[in-house]
Amino acid sequence: MSAEPVLTISGLNVDYGTDERAVHALRDIDLTLHRGEVLGLAGESGSGKSTLAYAVTRLLAPPGVITGGEVHYHRPGGDRLDILSLSPEQLRAFRWQELSLVFQGAMNSLNPVHTVHSQLTDVLKAHRPDLRKAQRTGRAKELLSLVGISADRLAAYPHQLSGGMRQRVMIAMALALEPEIVIMDEPTTALDVVMQRQILRRLVQLREQLGFSVVFITHDISLLIEFSDRIAIMYGGRIVEEAGAAEIYRDPRHPYSDGLLHSFPALHGPRRELTGIPGSPPHLSAMPTGCAFHPRCGKAFEPCAVRVPPLAAPATPQGTTPGRRTVACHLHT
Amino acid sequence: NSGAGKGGVGGATGVLTLGKPDGPQTNNSNPFLNTSAGATLGYRYMIYEPLAMTNMIKPTDKADPWLATDWEWEANFTKVTFTLDERAKWADGKPLTAADVEFTFNLLKKHSALNWNGIPFDGVAVEDGKVVLTFKESQFVNQNKIIQTFIVPKHIWEKVKNPETWPNRTPVGSGPYRLKTFTPQTTTLTATPTYWNGRTKVKELRYTAYNDNSAATTALATGKVEWSFVFMPNHKQLYIDKDPKNHKLWFPSGLGVHGLWFNTARKPFDNPALRRAMAMVVDRRAIHIQAQATLYPEITSPTGIPLPAGEPFLAPEYRSATTRPDVAGAKKLLAEAGFTLSGGVLKDPSGKPVTLTFTDPAGWNDYITGLAIIKDNIKQLGIEAKVKTQTAEAWGVDVANGNFDATLRWTNSGATPYDMYQNVMDGALLQPIGKSSQQGNFGRFKSEEATTALQAYANAKDQKTRTEAMNALQKIFVEQAPMIPTAAAPIGAEYSTKNWIGWPTEANPYAPPQHTQPSALEIVLNLTPAK
Amino acid sequence: MSITATDTAVLDGAPAPEAPTRRARLRFLRGGKTRTGLIVLTFFVLLAVIGPWIAPYDPDAMSDQLLQPPSGAHWFGTTHTGQDVFSQILVGTRGVLVVGFVAALVATVLSVLIGVTAGFLGGAVDEILSALANIFLVLPGLPLIIIVASFVPDTGDLLIAFAIALTSWAWGSRILRAQTLSLRRRDYVEAARATGEPTWRIILFEIMPNLTAVIASGFVGTVIFAVLTEITLAFIGVADISHWNWGTVLFWAQSNQALAQGAWWWFVPAGLCIALLGTALALINFGIDEFVNPRLRTATGSSRKVKMRVGFTPVARRPLTGDRPEHRTSKEPRP
Amino acid sequence: MKYLLQRIAFYTVTAWAAITINFLIPRLMPGDPVQALLSRYQGQLDTKAIDSLKALFGLDEEQSLWQQYTDYWAHLLDGDLGLSFTFFPTPVSEVITQSLPWTLALVGVTTLISFVLGTGIGVYSGWKRGSWLDGLLPVTTFISSIPYFWLGLIAIALFAEKWSLFPNSGGYDSALVPAFDWPFLSSALYHAVLPGVTIVLSAVAGWILGMRNMMVTVSSEDYVMVAQAKGLSERRVMFGYAARNAVLPNISGFALSLGFIVGGTLLVEMVFTYPGIGFQLLQAVGAKDYPLMQGVFLIITLSVLAANLLADLVYAALDPRIRKEA
Amino acid sequence: MTTDQSENVRAGADAAAGAGPTGTDVVLEARGVTKHFPLRRTARDLLTRERRSVHAVDDVSLRLRRGTVTALVGESGSGKSTVARLLARLHPLTSGEIRLGGEPVVAGGGRSFRRYVRRVQLIFQDPFASLNPVHTVRYHLTRALKIHGRAGSGKEELERALTDLLNRVQLTPAHQYLDKFPHELSGGQRQRVAIARALGADPQVLLADEPVSMLDVSIRLGVLNLLRDLKERLHLAILYITHDIASARYFADTTLVMYAGRIVEGGDSETVTQRPAHPYTQLLIASAPDPDRVAAAADQEETGTGEPPSLITPPPGCRFHPRCPQAMERCRTELPPRFDLADGQWAACWLYEGQGVRSYGNGDAGAKPYGNEGTAATGTPAPGTTAREVSR
Ligand SMILES: Nc1ncnc2c1ncn2[C@@H]1O[C@H](COP(=O)(O)OP(=O)(O)OP(=O)(O)O)[C@@H](O)[C@H]1O
Ligand SMILES: Nc1ncnc2c1ncn2[C@@H]1O[C@H](COP(=O)(O)OP(=O)(O)OP(=O)(O)O)[C@@H](O)[C@H]1O
Ligand SMILES: [Mg+2]
Ligand SMILES: [Mg+2]
């Protein structure tokens, strides 16, 4: 897997609201997505995962405001595109062409009054104006078969499809222009495990064929560990740990990551002790000082309540050198 | 206004525009149906002609001959003979003969729904080319109604199966106009070139229906309509001042009145003294000015007979009587009758305070204002009144059933004051409260003398009996005050002399100026372009 | 119309940690619009209560001051019989508000009874009640009121109010039925049933409270409708004009052709009062609507500093709020 | 298909009930038509004339209500609406045919205009929330709170009487005969300006607000966001996605308002002396003209139902979710 | 509802429990329970005189025992919630029987219904939807107590009962939570309030319908621990419905697997999850995310594609056969009966014909004998071992 970055996020800050009651939802996010990789994003509900996904494409619903930082997209050739300074027209051209999204909840992501065909082709119409009608229809059929839906479903309306099919249509749509990046925000919450696995397996195959990068957001840590190359853990609007999937699973460094990994039972193997995480997540408008996790952290010590730990490569106590991993914890500085 | 400029209205083009605030019409020119557009707008009088033309504002004058050159009543008014004008002919060129007249009277006799005036026709015959009508009773009080019956062509009407529901869409009459176009909004008549009785200068008549007074007033003020009759709250400002030189109005009175009807079957209004006292304090002048906007002639005689139209009928004792409010006199009268005034509240002899509720339909603005004034007036006697409005239908039912305290209402009118007195006081019409009385005596006025006097008047064989009966009626009316007359019922109109002159005026009262009266034809024939 | 989209919003009530009390439910009263509306409405309610006492003249009393333009003595001028227009409007406020609120109350009760019953019980009851509501929706309103009003010879305020209520409940009941239908299958209703709550308690305590915003909004809407209808009725002369209300004032003004006579003071104030009252009620309704449907809250839209736009998140690289992270400096250089 | 049948069945039942009520209402009113006629003509009707009128009106026989009801249906199914009392003996159908076109033309067109205009402005102001268009809202709210007749009369006082820009009354110039020629049509159009503009003014606010609210609601739906994410053109997102979905609830509102075209025009016709069916109805009520009243009610009821059915179909055409049967 | 009556019922149940150690441990039992939701008739149906319905639950039998957790897993729409609602008597049964404490439950509303819900309580799937947003925690709990006559007399006692309830679900200190509205609580807290409400009736059976599906892993754990605690301390019989098979393994004693309205497999949780017998269970387990599979992820074979069956016209025979990689001819026509395997595990699959002992109602769950015995005996022996290998 190449280490060439395709999307770099640095110092990204996002607020909801513009007045004094504004909620500071993302704080100094630094993240790099590499070409061809699956980057998993996990964290407690409300930790800012969706916010991050939408902020990158500037699709935050009002009152979201990006208040700082940079987002750069790297074209395969090497030149960078500063997404935060694009004009609406440039943004339109950028979107879907280079970066597409699969939104949370397929039920509401498809326009209920247009056919699948019309929704698949209008993106082609917008971005590939030189295609003829027949070509567009052809491409739409191709896309559907890519996700295992027969072409005669093109004329169907969303409500005529099952949840799984809708989800697959969304995925097909995301791949319509063969973008470099696909962001998927909890794409399978509504599905049962069988369907979920079918879809994800399809996606992995397609990634191998087409070579795009994926940002994969989910609550399901098992799923994440299984399917992603790298995982970033978020807590309270910050990324607290980032590492290869296997590393995180075997050796979480941040106490929160550790807690997460000890909160879900495993289906196979020996029964593990489940410890969980005590306390409840902080509200964004009343964030603890210092490390946001310290009130719930069993290993907190005096700097935790005072200083925000930077996201940095951990000091390696055992002398091992675990690839490119970073963690934001005073225990590891 | 735009319409006037574009429409080519005016003497130069020979068009006369008329208007009425009665809402859209339907295409119906049956002259005998009061629901037809011809009746509502009044154009039936331009198409069909009467035997003779009476003058409502001078009911005692002899009528002008029209289709009949002469008519003769037998002494006791049970037989009349018409001599027809030989020149008369129908618009389709056929001559108008005695057969047509005979046919017409027989038509009315046969179809009582067409016989609105309820004339009790008996014998209809043609003798020597003259038409002879005979009756079982004296028709003295109906004489004008009979002679102004309009005549329809036999050759057309005899083919009509059901004249009561016949819309008569292409009316053929003997008059100077025929129907040109009909729309619910506007009806246009055009002059018949072959009119038997001379030529008319007005080549076209345009009747427009408006939905309410205010629209009609505006049309008059802007000159869009030249002839109409609309009640206006302030006619000087709203109409005259818009063109003081040409905008004219004249509201002469006929022999009918508006007045406050009492329910004489209800206590304490069964007490004539109370009614009379109230009549004595009513400020008719204020009503004339504020409620009737000076359009309706003031009632000056306590007998209620409008002057000058009713001058000849006045009883000697009331020749010079007037209707000045007399609060002191009224109080005295009440005191004599056992009423007491304590703390500003009038109590009847049994000690109950006198209060009453005036009712009238909402929207009958002049009446409501009139009631408000009367309410103010009788307060001086210590009587507390309330003005209540109803829908016109509910009110109509209540009045017919005697379910009211007092209400402002009109009376019938006719060639003599008989019609109005009969309407108010006829014991023959008396119905108990709760049973509908549709023709009159809504106040349940019970007076043997009045009933006798009315009968005597109608059936009298000679003038003396009539005069005596009339004098008796006036006395009863004044002393018992079954109703307080507040204003005369005018037969007036607004008209413009901008394009047409020759209108009836106070100085030349040859006809009442209203265009829904039979005499409208006389007026139209009299009009000439204003240069 | 917007109600259709609100059913989820009614319930989910975005978390508002800083408003932990019961008063959160009255939050909609806080908006600027709502407040303006309430102030104006309160003003008119005050007039309705004290109007007759503070009226400088007896509204019926005639004088010789015929058709006088506004002056110190007669603020809104006089009528053709010398009555004081200002006093008529003051005295008339009560009738307007009484009819408006009584009609709205009756209509709301009717619509709640019928709509909620239909929605909750379902089945044949629902079919019948829905058909009933639809029939009333189909029957022409104003003419029907005219007819109902002419049923009884004595057309007082209350009768008019009832006639208006009778013809205006159907719309609200339709909306409430739809809402109840969606609430009926909610888990918490089923949960209450599973807990063993009797049906009447479920309707009254589980479903109804969730409809309050919709009911309130319907109520305010009906008040507007009732006031306009009452005034129209008075204006076309169907109502009892011996009772003063703004419609009666307009009725007199129009039947005396006040505008044509140049007596604008007779015609204009009553109309403006109606429009003001209507606007006030509409503003309150907005408040309720926004409360029902949080997406309509304009407060979360743009501010002066940043222009919000759906689909194009603004970038404002300045601290917008005071609490920028103080540890910005501690950030490590990017790899 | 099933949907259609179901709707038609539903509307048939509603129509039956509404027509029955229409039949009952006038009969339950106090008073009788001849009496009303009398007071209308301040007449001096002879007893005999009254009786024969009653006979003509069909009011003389003592029929049971049930008998009258079955007769009514028999006539109705024959297409016979009876003879109007007020305009006796004009058939009700004729009274209605002569006034209905005016109502439909004026109010129909203005309702359509205000719907299209209001919806259009609503779409824009909902989409561009926070722009200057928001300033329009209080103004439109205020205007929509004004009683219609007041607005109309002020408009007449200013534009017809003070400045003489427009005629104050009527549907066309009295000098003209209705025909499909330019002078008549232009005159009709000219006469329709003032009533039309006032109707649009007072009706447009409701559409703006309704549409704006729906737009705001729909704008935050996921599929709109998806459309933005797809980089579609602004027009496509605004109309194809947001407005297309937001307009759906307004459609049923529009159907309802189509129904009120016929019933709600009374004030317009009163204020502007415009020919039309509303005023006929008021007159019919005033005159106890049962046949005319029933006829007008029938027209109103049927048109509301037809409009609703139409709206249901349009709705189904626009919203595939309704077309259940696949 | 009087306390005495319910006590009587309770006492009766206890007495029965005392009679035998195993058989009478069963508190709630479903026998051949079936639920069909009729569809709205279409014009075509009227013509063809057909009455179509959703076969949401078909012939389901299960037993809930004191102090045990029974998990019910299966794909979306397989009828799990419907089973729970049927057991809670929120829907009328199409056919079958529910027995509470050995007594058949008769249909009926009002008092008898309340007596029933006092012993069987349902916790709804969604903690965000099952609490009325306009009522406080206090209201919800007070009602639960009052309805079942456990509010005591007087304010004080009520307060004590409330505090006690909240303490039981570890929402402490109680006064912090009593006057909060649902929207002021986190998902886990809401879920616990919902459980507290169910406990308010002091039930013997708790039907927990996906109580954790919406929650975070960390909060999820708290709720599950609570359920386990309740089972242990209060000896409740718990039905735990879930999608998360791993959690069933951890928390449930017994696991039942549902597919398209039928229970296809049952047995000890550990056995069912580690050695699934029915091909559907195998597919389910194979699909469940598992971090330990990371290495093997690449060479996973494509299993069980295809859509779930329509419940309006369910496939004949075994309902899983259209998706089953091992489907045989008879699977298409004959409904497989239940075949008992080792360790109390059983599966309704022809693969196991002749493998174990046919059972007629003495198993862990399921009492009613399945039909078509006649054909059952003639089936070909199934390659059961292959099936086990698939599941490693
Ligand atoms: N419109 C808004 N106004 C205020 N705060 C908001 C808004 N939208 C989101 N937030 C807050 O921002 C934070 C991050 O939300 P986000 O949706 O990104 O969380 P998430 O990690 O995706 O959670 P989940 O897993 O539940 O989807 C949350 O605390 C949320 O409360
Ligand atoms: N009230 C109802 N009317 C008609 N069909 C219903 C009803 N309730 C459930 N169903 C149908 O019954 C089937 C089983 O539904 P159920 O909710 O029991 O599934 P589930 O296993 O709980 O699914 P999930 O895991 O998604 O919660 C589904 O096909 C569903 O559509
Ligand atoms: Mg999210
Ligand atoms: Mg479920």
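So that the names make sense, note that chain A is the first sequence line, chain B the second, and so on, each numbered from 1. Quick caveat, the model's predicted, so the values are computed rather than measured.
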Side chain proximity check, C:Y188 to E:P182, heavy atoms < 4.5 angstrom: no

Flag if over 12 foreign heavy atoms under 6.0 Å of CD, E:E157: yes

Interface moiety of E:L131 toward chain C, non-hydrogen atoms closer than 4.5 Å: backbone

Portion of E:Y116 that has a non-hydrogen atom of chain C nearer than 4.5 angstrom: neither

For the student: nearest non-hydrogen atoms of E:Q121 and C:A194, plus distance: NE2-O, 3.5 Å

Contact check, side chains of C:T195 and E:V117, non-hydrogen atoms, under 4.5 Å: no

Check: C:G196 main-chain N/O paired with E:H148 side-chain donor or acceptor under 3.5 Å: no

Contacts of type ring-ring contact (aromatic ring centres under 6.0 Å, His included), residue E:H36, not counting sequence neighbours: E:H55

Minimum-distance pair of heavy atoms, taken over all atoms of E:R197 and C:A191: NH2-CB, 3.1 Å

Contact origin within E:A201 toward chain C - heavy atom pairs under 4.5 Å: neither

Spatial distance of atom CD (C:E206) from atom CG (E:N132) [nearest 0.5 Å]: 5.0 Å

Nearest heavy-atom neighbours spanning E:F113 and C:R193: CE2-O, 3.3 Å

Carboxylate-amine/guanidinium contact C:D187 E:R85, below 4.0 Å: yes

